[in-house]
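Worksheet: the structure to be examined is printed underneath.
Values below: all heavy atoms of this structure, side chains included; hydrogens, waters and symmetry mates excluded. Each ligand, and each atom within it, is numbered from 1 in the order the structure gives. All figures in this text were calculated on a predicted structure; none of them were measured in a lab.
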Amino acid sequence: MTTEETAGTVCRRLVGRTAVITGAGSGIGLATAHRLASEGANVVCGDIDEEAGKAAAEAVGGTFAKVDVTDPEEVEALFRTAFETYGSVDVAFNNAGISPPDDDSILETGLEAWRRVQDVNLTSVYLCCKAALPYMRRQGRGSIINTASFVAIMGAATSQISYTASKGGVLAMSRELGVQFAREGIRVNALCPGPVDTPLLRELFAADPERAARRLVHIPVGRFARADEIAAAVAFLASDDSSFVNATDFLVDGGISGAYVTPL
Ligand SMILES: NC(=O)c1ccc[n+]([C@@H]2O[C@H](COP(=O)([O-])OP(=O)(O)OC[C@H]3O[C@@H](n4cnc5c(N)ncnc54)[C@H](O)[C@@H]3O)[C@@H](O)[C@H]2O)c1
């Protein structure tokens, strides 16, 4: 997938802007690295997976920074790298997250799994916002996009309890930051993707078509999202086209959360 292919049409809204992306080595983060670079941004690709993160940075002509988003010093170094390399921090896409199999029903999920998921999905967003904000405040400009999920808005009987709770925390934190820093020219939004057609999901559902069908029936559009469709929403939130969009739960879910029944 080339940068041009993911961008679709030519759109250059981020020329001269610097974007930091966590979890840039795979999935939504990778598609977003392509999209933001195609719109002219300098992209800093942060990931704990050195090989995938480096490959992403190379593919988009950006900079790789190895980071464990649960480590405060590494997170600070990530944003410092962006500033020292490109001179500004304009966009923070705080996106890295996990959904491990041992995070399940509350009846099965132990405290260790609960805490691990909270650390990677929620505490990381706190750390990334805390590290990005000083740069943005000095500039009087910035857009922070924190990846939550549609499950922060809807309940599921097939629970991943810590994941869902962590994403709810991302929503509440993003809203409050968006309000607090609005008059300093900084917008903070939570992105709520619906299920995305990732290799992992495809593999899972190829093995169990009944499970796939059970989920697809709830999606008015009738399919999962493509990662580049989520990336397009991030590009909008990162750019000045969304200058009056702030403190939102920005749903990109194909209508899932709006549906009572879906069309046949
Ligand atoms: N895929 C979906 O259907 C979906 C739906 C809604 C929300 N989300 C959210 O979108 C985000 C991205 O999901 P994805 O499907 O692209 O995931 P992915 O697994 O494809 O990519 C996640 C990336 O984050 C990195 N990462 C994991 N732990 C890290 C850590 N501690 N420090 C730094 N990097 C780390 C991984 O190495 C990987 O490159 C996550 O926050 C996820 O919860 C995904």
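Screening residues 125-138 for side-chain hydrogen bond (donor to acceptor under 3.5 Å, both in side chains) gives Arg137-Glu184 as the qualifying pairs, with residues at least two apart or on separate chains.
In this structure, CD on Glu229 lies 4.0 Å from CZ on Arg223, to the nearest 0.5 angstrom. For the atom pair Ser124 OG and Asp119 CG, the distance stands at 8.5 Å (nearest 0.5 Å).
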Using the rule given for salt bridge (Lys or Arg N to Asp or Glu O under 4.0 Å), can you reason through Arg35 versus Glu39, listing the C-alpha separation, both sets of side-chain angles and the distance that settles it, and then say yes or no?
CA-CA 6 Å; Arg35 176 69 194 234; Glu39 295 224 18; 2.9 Å; yes

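Glu112 and Arg116 are joined by a salt bridge, as a carboxylate oxygen and a charged side-chain nitrogen come within less than 4.0 angstrom of each other. Using a 4.0 Å cut-off between a side-chain N of Lys or Arg and a carboxylate O of Asp or Glu, Arg17 and Asp240 qualify as a salt bridge.
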Are there any protein N or O atoms under 3.5 Å from the N or O atoms of ligand 1? List them with distances, or say none.
unit_1, atom_1, unit_2, atom_2, d
ligand 1, 3 (O), Val196, N, 2.8
ligand 1, 16 (O), Ile28, N, 2.8
ligand 1, 20 (O), Ser26, OG, 2.6
ligand 1, 31 (N), Asp68, OD1, 3.1
ligand 1, 32 (N), Val67, O, 3.3
ligand 1, 32 (N), Val69, N, 3.0
ligand 1, 34 (N), Ile48, N, 3.3
ligand 1, 37 (O), Asp47, OD1, 2.6
ligand 1, 39 (O), Asp47, OD1, 3.4
ligand 1, 39 (O), Asp47, OD2, 2.6
ligand 1, 41 (O), Asn95, O, 2.8
ligand 1, 41 (O), Lys167, NZ, 2.9
ligand 1, 43 (O), Tyr163, OH, 2.6
ligand 1, 43 (O), Lys167, NZ, 3.1

